[in-house]
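Structure, as structure tokens:
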Amino acid sequence: MATPHISASPGDFADTVLMPGDPLRAKVIAETYLEDAREVTATRNMLGYTGTYKGQPVSVMGSGMGIPSMSIYAFELFNEYRVEKIIRVGTCGGVSPDVEVRDLIIAMGASTDSSVNRTRFGGCDFAAIADYGLLEAMVNTAKTAGLKTRVGNVFSSELFYHPKPEIFTMMKSHGILAVEMEAAGLYGAAAEAGKRAVSILTVSDHVVTGASTSAEERQNTFHDMMQVALEAANAVD
Ligand SMILES: O=P(O)(O)O[C@H]1O[C@H](CO)[C@@H](O)[C@H]1O
Ligand SMILES: O=c1cc[nH]c(=O)[nH]1
């Protein structure tokens, strides 16, 4: 049973799928962190793998960039492949002055300028929030590992190159921690399907201060994020 965008067979995906935006990052995650990983889909080169982490099955697949792309893959994974949990593992740009590059952010909520959740929710405003159990597992995992995380509201932007920089001032004054491009769409898709989702993000740059990370720093923070995401995936039923 292939879907229009995924060529995997029924049962190829684990209950939990980790989703970075970049499909090549999915390949690196599978090769670095999973045991016995095998490719389960490559339609449009949106690579997906299933293996085990510390003995428990887990999958990883790219989501592409932006809410429309994430919405397609999350819909098909939740509804056609019976996936129960999606954990977005991505990057974001810091917005709050309290956020620094390399910080780990867990998106408790995701605001957005996209209308997809209104479309899903009969024209009403939908509070796009993470699954509490997954969020709690991540916070606890990070604490145990001695890693600092920031938990709060992010902004899932339709545009990477935003024509109105003042939007970041508005975000800042409303307590937005960081900007990225998929979490609100993922949370809406999970709610619509009655499934569970959470997003963990590393701050790759700061959109207000202009600070950015070196390749080596990005790699170290990426490792911390993967440790938190994979341990949390195993901790939750
Ligand atoms: O690193 P990923 O997961 O792709 O996330 C961020 O990076 C991309 C933009 O460069 C967008 O997808 C944004 O959400
Ligand atoms: O969406 C994103 C991701 C990283 N940095 C940004 O400024 N925006």
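Bear in mind the structure is a predicted one, so any value in this text is a computation, not a measurement. Order of listing sets the numbers, starting from 1, for every ligand and every atom in it. The basis for the numbers below is simple: all heavy atoms, side chains too, and nothing from hydrogens, waters or symmetry mates.
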Check ligand 2 against S204 and write out every atom of the ligand that is under 4.0 Å from a heavy-atom position of the residue. 4 (C)
Does P20 reach ligand 1 with a nitrogen or oxygen that is under 3.5 Å from one of the ligand's nitrogen or oxygen atoms? no
Could you list the atoms of ligand 2 found under 4.0 angstrom from a heavy atom of M181? 1 (O)
Going by the atom numbers of ligand 2, which of them fall below 4.0 Å from some non-hydrogen atom of G93? 3 (C), 4 (C), 5 (N), 6 (C), 7 (O)
Does S157 approach ligand 2 within less than 4.0 angstrom via side chain, backbone, both or neither, non-hydrogen atoms only? neither
Numbering as shown, the atoms of ligand 1 that approach E180 to under 4.0 Å (heavy-atom distance): 14 (O)
Can you confirm whether the side chains of S96 and R150 place a donor and an acceptor under 3.5 Å from each other? no
Atoms in ligand 2 with a heavy atom of E180 nearer than 4.0 Å: 1 (O)
Contact (N/O only, under 3.5 Å) between D205 and ligand 2: yes
With T202, the side-chain contact (heavy atoms from CB on, under 4.5 Å) member among T91, I105, V89: T91
Minimum distance, heavy atoms only, to atom 5 (O) of ligand 1: which one of M19, M70, R88 is it? R88
Is there a nitrogen or oxygen of G21 sitting under 3.5 Å from a nitrogen or oxygen of ligand 1? yes
Could you list which atoms of ligand 2 come closer than 4.0 Å to a heavy atom of F160? 1 (O), 2 (C), 6 (C), 8 (N)
Could you check whether K54 pairs with E231 (Lys NZ or Arg NE/NH1/NH2 to Asp/Glu carboxylate O, under 4.0 Å)? yes
Quick one: do D12 and R38 make a salt bridge, cutoff under 4.0 Å? yes
Could you identify the single nearest non-hydrogen protein atom to atom 13 (C) of ligand 1 and state the distance to 0.1 Å? E182 OE1, 3.8 Å
Starting from atom 10 (O) of ligand 1, find the nearest protein heavy-atom neighbour and note its residue, name and distance. F160 CE1, 3.5 Å
Ligand 2 to V207, heavy atom cutoff 4.0 Å, flagged ligand atoms 7 (O)
Pairing donors with acceptors under 3.5 angstrom, does anything connect the side chains of E76 and T3? yes
Flag for T16-E84: side-chain donor and acceptor within less than 3.5 Å: no
With salt bridge (charged side-chain N to carboxylate O under 4.0 Å, His left out) as the test, would you mind laying out the steps for R88 and E180 before giving the verdict? CA-CA 11 Å; R88 165 160 159 69; E180 54 83 77; 2.8 Å; yes
Charged N-O contact under 4.0 Å between D125 and R118: yes
Per-atom contacts of ligand 1 with G90, taking only distances under 4.0 Å to non-hydrogen atoms: 3 (O)
Donor-acceptor under 3.5 Å (T41 side chain, L47 main chain): no
Looking at atom 3 (C) of ligand 2, what's its closest protein heavy atom, distance included? C92 CA, 3.7 Å
If we ignore angles and hydrogens, is there a donor and acceptor under 3.5 Å between the side chains of S59 and T50? yes
Number the atoms of ligand 1 from 1 as they appear, then name those within less than 4.0 Å of a heavy atom of M65, with their elements. 8 (C), 9 (C), 11 (C), 12 (O)
If you count the atoms of ligand 1 from 1 in the order shown, which ones are under 4.0 Å from a heavy atom of T91? 1 (O), 2 (P), 3 (O), 5 (O), 6 (C), 7 (O)
Side chain of E182, backbone of G66: donor and acceptor closer than 3.5 Å? yes
